[in-house]
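Before any comments, here is the structure.
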Amino acid sequence: MQDFIYNIPTKIIFGPERLALLPEEIKAHGNRVLLLYGKNSIKTTGLYDKVVGQLKNHSIVFEELSGVKPNPSIESVRAGIRMMYEHKLDFILAVGGGSVIDCAKAIAAGYHYDGDAWDLVVGKATIQKAVPIGTILTLAATGSEMNGSSVISNEATIEKIGFGSPLLRPVFTFEDPTLTYTVSTYQTAAGSVDIFAHLLENYFSSHDDEGISDRMIEAMMLNVIHYAPIAVATPDNYDARANLMWTSTLALNGLTGFGRSGGDWASHAIEHEVSAYYDITHGAGLAILFPYVLESYLAKDIVDKLPLTKFTQLGRNVFHLEADDDAILAQLTIDALRDFFRSLNMPLQLNEEKVDDTHFRAMADHPVNTTGTLGCYQPLTADDIYTIYKKAL
Ligand code: NZQ
Ligand code: ZN
């Protein structure tokens with residue numbers, strides 16, 4: 001096990017009807033609030049009225065920025081930074097899913113940077129300071145509610161890029177599972193796939209069994225396999241929603257990465273390219289691409305005679321599979337993963353999401369531009385990625 005420092009400072013306030021605590025949590029960090037949210041969902045669910053009621057009742061000054069889109073754009077980030085200066089705001093309250101929270105993080109970092117916020121996203125400049133952020137989570141998926149990562153899209157350059165800093169971890173997050181009762185079956189399934197994918201990315205950071213870290217990941221995977229179908233079939237099942245919400249947070253707050261090297265993250269980078277070119281939901285893209293990425297590792301594993309430990313323990317411990325031959329068990333494991341995603345009505349081929357091969361070459365070249373290869377389990381070249389897109393079409 002590698003050395004690490006465990007320090008996750010985000011305060012989680014979990015459970016229904018706890019918004020009465022919101023004003024005191026905000027006042028511990030700021031006085032003038034940018035209230036950031038997406039399109040309609042917070043108004044149709046009644047959450048908007050509750051949040052605004054709390055702010056007004058406690059005389060907290062706030063300005064609103066709405067309309068943050070899924071796969072949030074740098075334009076929303078720039079608009080948010082302008083508002084922060086114009087109204088002298090000092091705190092950001094993000095109410096929504098990963099897209100709203102990610103946008104809040106980019107605003108928080110961009111506010112303290114003299115140049116254009118896109119420089120921070122692409123790594124041309126480093127994050128020195130950030131405005132404090134609080135969140136009210138409305139969709140279980142990304143883990144953004146407790147991590148320091150953000151993913152921002154730039155329509156002008158056709159890029160979707162992840163960046164981060166410990167400075168961007170929210171100072172608090174309200175997690176009320178009942179707020180996710182209204183999440184559509186499609187978004188519930190896509191969110192569940194995203195949670196599972198975060199677990200897989202850390203799992204496939206190495207070839208060996210990682211002990212406690214792998215066992216925690218397997219437990220979370222079993223939890224998603226159990227509760228995701230329940231939440232899809234019965235949207236107001238509290239236990240299912242609560243388990244998915246807490247698992248989404250734990251899956252990507254750092255916990256499953258401590259003591260091991262970084263995570264693979266090739267599948268995410270490959271999916272982000274698809275999201276940059278097409279209007280596709282992140283989790284749906286992962287459901288299609290992750291099994292193909294694993295199959296590409298499997299082919300290389302056999303060629304290079306690497307151990308198949310990761311595949312076989314995933315098959316045995318999570319999907320309860322058995323086979324005499326490790327390579328067969330590995331393929332059965334990937335088949336089981338696909339079956340799970342399909343059981344949630346997720347797509348398994350890119351053409352189901354109206355993605356064609358027009359941009360495959362650019363989508364394969366872009367993520368390896370700076371590094372030469374992608375991922376760490378079995379580094380992928382641009383040609384490997386191109387082949388993955390072709391197979392996934
Ligand atoms: O805009 P509104 O009207 O709010 O509707 C949203 C949106 O259309 C809706 N929604 C959210 N909460 C709802 C609800 N509808 C009904 N009831 C509710 N309670 O759901 C739709 C999708 O929302 P979005 O925030 O885009 O989903 P998600 O949380 O999956 O976030 C996806 C974004 O996060 C990035 C993804 O790439 C994508 O851009 N990621 C961020 C990560 C991070 N920061 O650590 C890691 C992830 O791997 C991921 O890349
Ligand atoms: Zn993800």
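Just follow the structure's listing: the first ligand is 1, and inside any ligand the first atom is 1. Predicted, not measured: the structure shown is a model, and the values here were computed from it.
Residue-ligand proximity, Asn71 to ligand 1, at heavy-atom distances under 4.0 Å covers atoms 38 (C), 39 (O). Near Ser149, the atoms of ligand 1 lying under 4.0 angstrom from a non-hydrogen atom of the residue are 44 (N), 45 (O). The contact set between ligand 1 and Lys160, taken as ligand atoms under 4.0 Å from a residue heavy atom, comprises 36 (C), 37 (O), 38 (C), 39 (O). If you number the atoms of ligand 1 from 1 as listed, the ones under 4.0 Å from a heavy atom of Asn40 come out as 3 (O). Interface atoms of ligand 1 facing Leu179, defined by a heavy-atom separation under 4.0 Å, are 19 (N). Ligand-side atoms of ligand 1 in range of Gly38: 1 (O), range being under 4.0 angstrom from any heavy atom. Listed by number with element, the atoms of ligand 1 under 4.0 Å from a non-hydrogen atom of Thr182 are 16 (C), 17 (N), 18 (C), 19 (N). Below 4.0 Å from some heavy atom of Thr138 lie the following atoms of ligand 1, by number and element: 11 (C), 12 (N), 13 (C), 18 (C), 19 (N).
Interatomic distance, OH of Tyr227 versus CG of Asn243, reported as 4.0 Å (0.5 Å rounding).
The number of protein N, O or S atoms lying under 2.8 Å from the Zn ion (ligand 2) is 4.
Distances from atom 6 (C) of ligand 1 to the protein include no heavy-atom value under 4.0 Å.
For atom 20 (O) of ligand 1, the closest heavy atom belonging to the protein is Leu139 CD1, 3.3 Å. In terms of protein heavy atoms, atom 41 (C) of ligand 1 is closest to Asp102 OD2, 3.0 Å. Of the protein's non-hydrogen atoms, the one nearest atom 42 (C) of ligand 1 is Thr142 CB, 3.8 Å. With hydrogens left out, the protein atom closest to atom 33 (C) of ligand 1 is Ser99 OG, 3.4 Å, a heavy atom. For atom 45 (O) of ligand 1, the closest non-hydrogen atom of the protein is Asn147 ND2, 3.0 Å. Atom 15 (N) of ligand 1 has Ser41 CB, 3.6 Å as its closest protein atom, hydrogens excluded (heavy atom only). Nearest protein heavy-atom contact of atom 1 (O) of ligand 1 is Lys39 N, 2.8 Å.
Of the heavy atoms in Ile101, none comes closer than 4.0 Å to ligand 1. Residue contacts with ligand 1, taken as heavy atom pairs separated by less than 4.0 Å, do not involve Ile42 at all.
Between Tyr203 and Phe311, the distance separating the two ring centers is not shorter than 6.0 angstrom. Side-chain rings of Phe172 and Phe91 approach one another, their centers coming within less than 6.0 Å. A centroid separation of less than 6.0 Å is found between the aromatic rings of Phe196 and Phe340.
Between Ile127 and Tyr113, the closest side-chain pair of non-hydrogen atoms is not below 4.5 Å.
For the ring pair (Phe, Tyr, Trp, His ring centres under 6.0 Å) test, residues two or more places apart in sequence or in another chain that qualify with Phe360 are Tyr389.
The salt bridge (Lys or Arg N to Asp or Glu O under 4.0 Å) contacts involving residues 144-163 comprise Lys69-Glu155, where partners must be two or more places apart or lie in separate chains. For residues 317-334, the salt bridge (Lys or Arg N to Asp or Glu O under 4.0 Å) pairs, not counting sequence neighbours, are Arg316-Glu322.
The closest approach between a heavy atom of Pro72 and any atom of ligand 1 is below 4.0 Å. The closest approach between Lys69 and ligand 1 stays at or above 4.0 Å for every heavy atom of the residue. Ligand 1 is approached by Val183 to a heavy-atom distance shorter than 4.0 Å.
At least one donor-acceptor pair under 3.5 Å links the side chain of Arg32 to the backbone N or O of His87. Under the 3.5 Å distance criterion, the side-chain polar atoms of Ser73 are left unmatched by any main-chain donor or acceptor of Ser153.
Checked against a 3.5 angstrom limit, the closest N/O atoms of His282 and ligand 1 fall inside it.
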Verdict with reasoning, Thr178 to Asp176, per side-chain hydrogen bond (donor to acceptor under 3.5 Å, both in side chains): CA-CA 5 Å; Thr178 67; Asp176 174 355; 2.6 Å; yes
Working note: Lys105 + Ser165, criterion side-chain hydrogen bond (donor to acceptor under 3.5 Å, both in side chains); need CA distance, chi angles, decisive distance, verdict. CA-CA 9 Å; Lys105 290 175 179 174; Ser165 159; over 6 Å; no
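With Ser267, Pro70, Ala141, Ala140 as candidates, the residue nearest to atom 30 (O) of ligand 1 on a non-hydrogen basis is Ala141. Taking only non-hydrogen atoms, the option from Gly67, Gly98, Ser150 nearest to atom 29 (O) of ligand 1 is Gly98.
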